[in-house]
Each structure stands twice: as C-alpha cells, then as structure tokens.
Amino acid sequence: MSGLEGLREWLRVPRSLSLPAWVSARLGGSVAVELDARRGLPLDRATFGIVDLETTGLSPSYARILEIGLVVLRGERILTRFETLVDVEHVPWGITDLTGIHDGLLVNAPCEADALAAFAGVLREHAVDVLVAHNARFDRGFIARAWRAHDRPELLPPFLCSVRAARRFVRAPRYGLDALIAHLSIPARARHRALGDAEMTADLWRELCGRARVEGVHTLESILPLAGLRAPKRARRRVHVVEELSA
C-alpha cells in the first residue's frame, strides 16, 4: 500500500473522494512513512516464545536435547514460564561440568517425545507468534530435528535471533549472552540452565524491542528481516542412475 493510500485510510477519506491538497503537501512525507512503519502486528502485542536449550553436544545430528526452557512474553508481561528436563539416559561428564545436570536429575524426567509435546502445548495455548533464541540457529536445529523425528503435527513457529537484533540495535564489544547482560546491566539468572538463560534472553529481548521502536521499527513484520532466520535448506536427494547393459 502506498503512503498516500495509508494516509487515506488513517484519515478515513472515502475512495470516492480525492485527498485534500493539504494532505499531500503537509503529510505526504514523514507521516506516510511513519504509518507504513506501523503497519502490521505491533511489537507490544506480538507473543514471543523466548526459548533456550541445554543439549548433550553441539550438533543435532548426534546430540540430543537435555533441557528446555521457555518464557512466553507479550509486551512487558510474562504470560508463563515452562521448563523440563529430558531423559537422555546418560549425561556426558563435560555437560554435567558445564550445567550441573547429572544422571540423578533425570529420574522421572519425560522422554523427548513427551517433553516436546508439553512444549508444543504451551506454544499452542498462548498462540505464540514467533520463537526467539540467542544464537537461534543452534536452538532451531535441535528443535526442528526433534519436531520431525516425533512427527509433531503443528507448524514450528519462525525463529528470531537476539544476536542478530543486538548487532542491529546495540553497540557492544561482544554479543554473547554473558557480554550483553553485563553491558546492559541485566540481572543474572542461573547460567547454563535452560530456564535461567531463557529469562535473561527475555529481559534482553524486551530491551531490544524498546530500542527497535526508538529507531522506527514498530511491528513484528518490520523486525523479521532484521532478526529472522532464513528457512533451513532442504537436503537434496541423491539420485542414483543405473544403466542397464544388454547382454
């Protein structure tokens, strides 16, 4: 929609009438641009699922999800928190050293399919529009693999990356989570536990949304190109050609 058409809608001028000349002269520039920037779902009305995972390794091709933390956020309000361990049978010693999660904590923990079903239920209950993670490509890789492995019927929401957003809206020496929470004076939570990291990322995301609005980014549609991840590439199928040779 053009800027002048946006002004027509804002002023509620019927399409059967021409816009007054003073509208084009006085409002045709900056106001039209501002109206276009505000077209879509406002950031303070979007529902964000701030997610963090602890895993047994770095690659979803061989490692598994160990813990899921989720904070559902709309504007300044936290709608709910969710956390669950996942029974991976055995926690590698290096992961125990990093997170404090050991085999004894996995007693009565749900299997991956059940943990994922509970996670999906929270997303559905609160109609989460997008998921947000710090270094979101990592978290999306693990969740997408599990989503496919357990044939989840829901579409996985798109992901936004708080690292990408921070690089756009914050001038900081480094963009790791530890560096950003120190730079922005965000209260520290339980580091390297899924819910603690998700809570710190939620505080970071609120700060980033506030800075985005100051810079004229007011809607979910506007922030998607700045912080969104591209759709993952589909693996190409290998086609084997067999030639039949006549005897």
Side-chain angles (χ1 to χ4, degrees), residues 30 33-55 58 67-83 98-99 123 126 128-144 156-232:
S30 59
V33 170
E34 183 69 14
L35 287 173
D36 282 342
R38 292 177 181 270
R39 191 172 304 282
L41 180 61
L43 288 175
D44 59 1
R45 288 172 52 193
T47 304
F48 298 102
I50 317 298
V51 64
D52 186 82
L53 305 178
E54 299 303 328
T55 64
L58 297 178
E67 188 176 38
I68 303 172
L70 176 70
V71 176
V72 180
L73 184 67
R74 185 181 299 139
E76 293 294 314
R77 181 185 172 200
I78 292 177
L79 302 183
T80 194
R81 294 175 175 85
F82 168 84
E83 64 177 329
L98 177 67
T99 66
L123 300 184
H126 294 282
V128 168
D129 295 302
V130 289
L131 293 169
V132 179
H134 205 68
N135 190 19
R137 197 172 301 278
F138 175 87
D139 299 86
R140 184 182 70 177
F142 276 89
I143 294 175
L156 189 62
F159 271 82
L160 296 177
C161 181
S162 52
V163 174
R164 287 196 66 198
R167 290 185 183 278
R168 173 64 175 78
F169 299 117
V170 179
R171 182 174 295 177
R174 295 182 305 280
Y175 292 90
L177 186 57
D178 287 320
L180 282 170
I181 63 174
H183 181 73
L184 297 171
S185 300
I186 292 172
R189 309 300 210 292
R191 189 69 172 99
H192 297 300
R193 291 301 301 265
L195 185 58
D197 285 354
E199 288 177 327
M200 287 186 288
T201 305
D203 286 343
L204 171 62
W205 188 250
R206 281 187 283 207
E207 174 72 19
L208 294 174
C209 285
R211 289 172 178 243
R213 285 190 288 267
V214 169
E215 294 197 23
V217 178
H218 300 286
T219 65
L220 181 59
E221 291 80 358
S222 297
I223 207 168
L224 277 169
L226 303 176
L229 297 184
R230 293 180 180 178

Can you give me the closest heavy-atom contact between [X] and [Y], atom names plus distance?
X	Y	value
Glu221	Gly40	OE1-CA, 3.3 Å
Met200	Ile186	O-CG2, 4.3 Å
Asp203	Arg189	OD2-NH1, 2.8 Å
Ala202	Leu73	O-CD2, 4.0 Å
Arg191	Asp197	NH1-OD2, 2.9 Å
Phe48	Leu43	CE1-O, 3.6 Å

Task: Side-chain donor or acceptor of His183 paired with backbone N/O of Tyr175 under 3.5 Å - done: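 A pair under 3.5 Å: no.
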
Open item on the list: For the backbone of Ala194 and the side chain of Glu67, can you confirm whether one donor and one acceptor N or O come within less than 3.5 Å of each other?
Closed with: yes

- [ ] Please check if atom CG in Leu58 has more than 12 non-hydrogen atoms from other residues, nucleotides or ligands closer than 6.0 Å.
- [x]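 It does not: Leu58 CG has 12 such atoms or fewer within range.
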
Task: Stepwise side-chain contact (heavy atoms from CB on, under 4.5 Å) check, Leu131 with Leu156 - done: CA-CA 9 Å; Leu131 293 169; Leu156 189 62; 4.2 Å; yes

Would you give the length of the straight line joining atom [atom1] of [X] to atom [atom2] of [Y], rounded to the nearest 0.5 angstrom?
X	Y	atom1	atom2	value
Cys209	Ile223	SG	CD1	5.0 Å
Glu83	Glu199	CD	CD	8.0 Å
Phe169	Arg164	CZ	CZ	10.5 Å
Leu180	Arg174	CG	CZ	9.5 Å
Glu54	Leu195	CD	CG	11.0 Å
His192	Leu177	NE2	CG	9.0 Å

- [ ] Evaluate the side-chain contact (heavy atoms from CB on, under 4.5 Å) criterion for residues Leu53 and Ile68: first the C-alpha distance (whole Å), next the side-chain angles of each, then the deciding distance (0.1 Å), finally the verdict.
- [x] CA-CA 5 Å; Leu53 305 178; Ile68 303 172; 3.8 Å; yes

Find out whether [X] and [Y] are in side-chain contact, i.e. whether some heavy atom of one side chain is under 4.5 Å from a heavy atom of the other.
X	Y	result
Val71	Trp205	no
Ile78	Arg206	yes
Leu160	Leu224	yes
Val51	Phe159	yes

Open item on the list: Please determine whether side-chain contact (heavy atoms from CB on, under 4.5 Å) holds for the pair Arg211 and Leu184, giving the CA-CA distance in whole Å, both sets of side-chain angles, and the decisive distance to 0.1 Å.
Closed with: CA-CA 12 Å; Arg211 289 172 178 243; Leu184 297 171; 3.4 Å; yes

Task: N-O pairing of Glu215 and Arg168 below 4.0 Å - done: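 Judged by the 4.0 Å cut-off on N to carboxylate O distance, Glu215 and Arg168 do form a salt bridge.
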
Open item on the list: Taking the basic N atoms (NZ, or NE/NH1/NH2) and the acidic carboxylate oxygens, is any pair closer than 4.0 Å for Asp44 and Arg213?
Closed with: no

